[in-house]
Amino acid sequence: MKAAFVTEPYHVEIQDIPCPACRPQEVLIQVKNAGVCGSDLHLFRGTHAFRNPPAILGHEVAGTIVEVGADVSKFKVGDRVTVEPQIGCGQCEFCRNGMVNHCIHKIVPGTDQWLGTFAEYFVAPESVLYPLADSVSFEIGTLIEPLAVAVHAMHQLSGVSKDSILILGAGTIGLLCLTVAKQMGYKTVICTDTAPFNRKSAEKLGAIALDPSKVDVPNEVKRINGGGVDAALIAAGAGNILDQASASVKKRGEICMVAMVTEKIPFYSYSVVLNEQRLVGAMTYSSEHFAMAANMINNGLDLTMFVTQKIDLSQTQEALQMLSEKKGDIIKILMTFSE
């Protein structure tokens, strides 16, 4: 089968490798679509925390089961599925409570233990499979994984008040958080982004959009929503992003950080103390929140506008360069596979 490897930073090769065999509790999936994630960009650039070249890209996937292991009982050949791309040890306190994202022994795609999804076939345990409704296309099914990130991030907020929220960054995750915020009943949603296309996309989804390069975000937020917002969600990594969030949130408000900012940035922490604000992080998703995302899409949540590019596996290098250099109007790039 063909698979896309990052062999060294900024270099992708399409290689022919043996098709993986599935063990008794696993299935073999013919991949129909695989999403390009920001973490794939980190691998492409050689800056990922634990995925190191050479490695197969990808962890967002939708496809059809073509083979089942001897012990598989809930799925069959021909079933349309997506995959929760994390396997926990099953023994630690986090796994026992459905928080596989915090298992220190978890296995994820794009590592030596589990090949990535930028391949014609992908093996996964039955325990992490989720069915796709017949009405859901493979393209939209691939978006369940990033939607789960947004569901988890939004549920990190207590939701005591759902009157207003500021989402800093209107890329894929920021726009999905906007979608979830609307589903959860937030009345006023304000998004920031420097890219005009991202701001227009946020407006289409019902948000007020601001350009942080042209306005003082905290002042404008307070003008729009007197006194500030109940919560802020950080989905971008600008150097002043934490200060913007804290200055925009009301006293005793909440801030959730989902952006994976790996460089040190300055932060006036006294603002959090003075205003008794709550600052919390969001790491991928729990199994419960992945299931919620799957249910939302299977029940008809329309994310069609999120798919902005579809690119053949053979052009993976171009897709990563496009995302890295921010060429064009991009929300989500999907890799497609020739039959």
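Position 1 is the first residue of the sequence, and the numbers go up from there.
The shortest distance between side-chain heavy atoms of D243 and F267 falls below 4.5 Å. In this structure, I331 and Q309 have side chains that are not in contact, with every pair of non-hydrogen atoms separated by 4.5 Å or more. Looking at heavy atoms from C-beta onward, T117 lies out of side-chain contact with E60 at the 4.5 angstrom threshold. Within the 4.5 Å cutoff, no side-chain heavy atoms of V108 are placed close to those of P85. Counting heavy atoms from C-beta outward, I87 and V100 have side chains that stay 4.5 Å or more apart. In this structure, the side chains of S248 and V217 come closer than 4.5 Å at one or more pairs of heavy atoms. For the pair P20/F122, no side-chain contact is recorded, criterion being any heavy-atom separation below 4.5 Å from C-beta on.
Of the inter-residue distances, the one linking Y270 atom OH with L274 atom CG reads 4.5 Å to the nearest 0.5 angstrom. Between D79 atom CG and K76 atom NZ the span is 4.0 Å, to the nearest 0.5 Å. Annotation: the span from S137 atom OG to D134 atom CG amounts to 12.0 Å, rounded to 0.5 Å. Taking CD1 from I190 and CG from L166, the interatomic distance works out to 6.0 Å, rounded to the nearest 0.5 Å. One distance of note links CD1 of I333 with CG of L323; it measures 5.0 Å at 0.5 Å rounding. The NZ atom of K2 sits 4.5 Å away from the CG atom of D16 when rounded to the nearest 0.5 Å.
Between E26 and R23 there is a salt bridge, since at least one side-chain N of the basic residue sits less than 4.0 Å from a carboxylate O of the acidic one. A salt bridge links E139 to K310: at least one charged side-chain nitrogen sits closer than 4.0 Å to a carboxylate oxygen. Ion pairing between K200 and E203 fails under the 4.0 Å rule for side-chain N and carboxylate O. Comment: K187 engages D163 in a salt bridge, judged by a side-chain N to carboxylate O separation of less than 4.0 angstrom. Using a cutoff of 4.0 Å between basic side-chain nitrogens and carboxylate oxygens, K162 and D230 are not scored as salt-bridged.
With a 6.0 Å cutoff to the six-membered ring centre and a 45° limit on the axis angle, R45 does not count as a cation-pi contact of Y10.
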Exercise for the section: Check the pair H42, S39 against side chain to side chain donor-acceptor pair (under 3.5 Å), reporting the backbone distance first and the verdict last. Expected result: CA-CA 5 Å; H42 289 305; S39 64; over 6 Å; no
Handout entry: Test salt bridge (charged side-chain N to carboxylate O under 4.0 Å, His left out) applied to E276 and R252, step by step
Key = CA-CA 5 Å; E276 288 195 344; R252 299 188 65 81; 2.3 Å; yes
Problem - Full working for side chain to side chain donor-acceptor pair (under 3.5 Å) between Q25 and S127 - result: CA-CA 8 Å; Q25 296 179 334; S127 60; over 6 Å; no
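A donor-acceptor contact under 3.5 angstrom links the side chains of Q86 and E84, judged on distance only. Under 3.5 Å, the side chains of E145 and Y285 contain a donor-acceptor pair of N or O atoms. Between S246 and S271, the side chains place a donor N or O and an acceptor N or O closer than 3.5 Å (distance only, hydrogens not considered).
Although no hydrogens or angles enter the test, the distance criterion places no donor-acceptor pair under 3.5 Å between the side chain of N275 and the main chain of K251. Not one N or O on the side chain of N219 forms a donor-acceptor pair closer than 3.5 Å with the backbone of D216. The closest donor-acceptor contact from the side chain of Q277 to the backbone of E254 lies at 3.5 Å or more, if one exists at all. In this structure, R96 contributes its side chain and G90 its backbone to no donor-acceptor pair below 3.5 Å.
Remark: S135 engages no residue in a side-chain hydrogen bond (donor to acceptor under 3.5 Å, both in side chains) (not counting sequence neighbours). For S269, the side-chain hydrogen bond (donor to acceptor under 3.5 Å, both in side chains) test picks out no residue, with sequence neighbours left out.
Remark: of the listed residues L334, T82, V31, N33, N33 is the sole one forming a side-chain contact (heavy atoms from CB on, under 4.5 Å) with F138. Paired with I234 under the rule side-chain contact (heavy atoms from CB on, under 4.5 Å), one option of L242, V261, V258 passes, and it is L242. Each of T142, I140, L147, T179 was scored for a side-chain contact (heavy atoms from CB on, under 4.5 Å) with F306, with one residue passing: T179.
Ring-centre distance between F94 and H102: below the 6.0 Å cut-off.
A tilted orientation is assigned to the rings of F290 and Y130, their planes being inclined by 30° to 60°.
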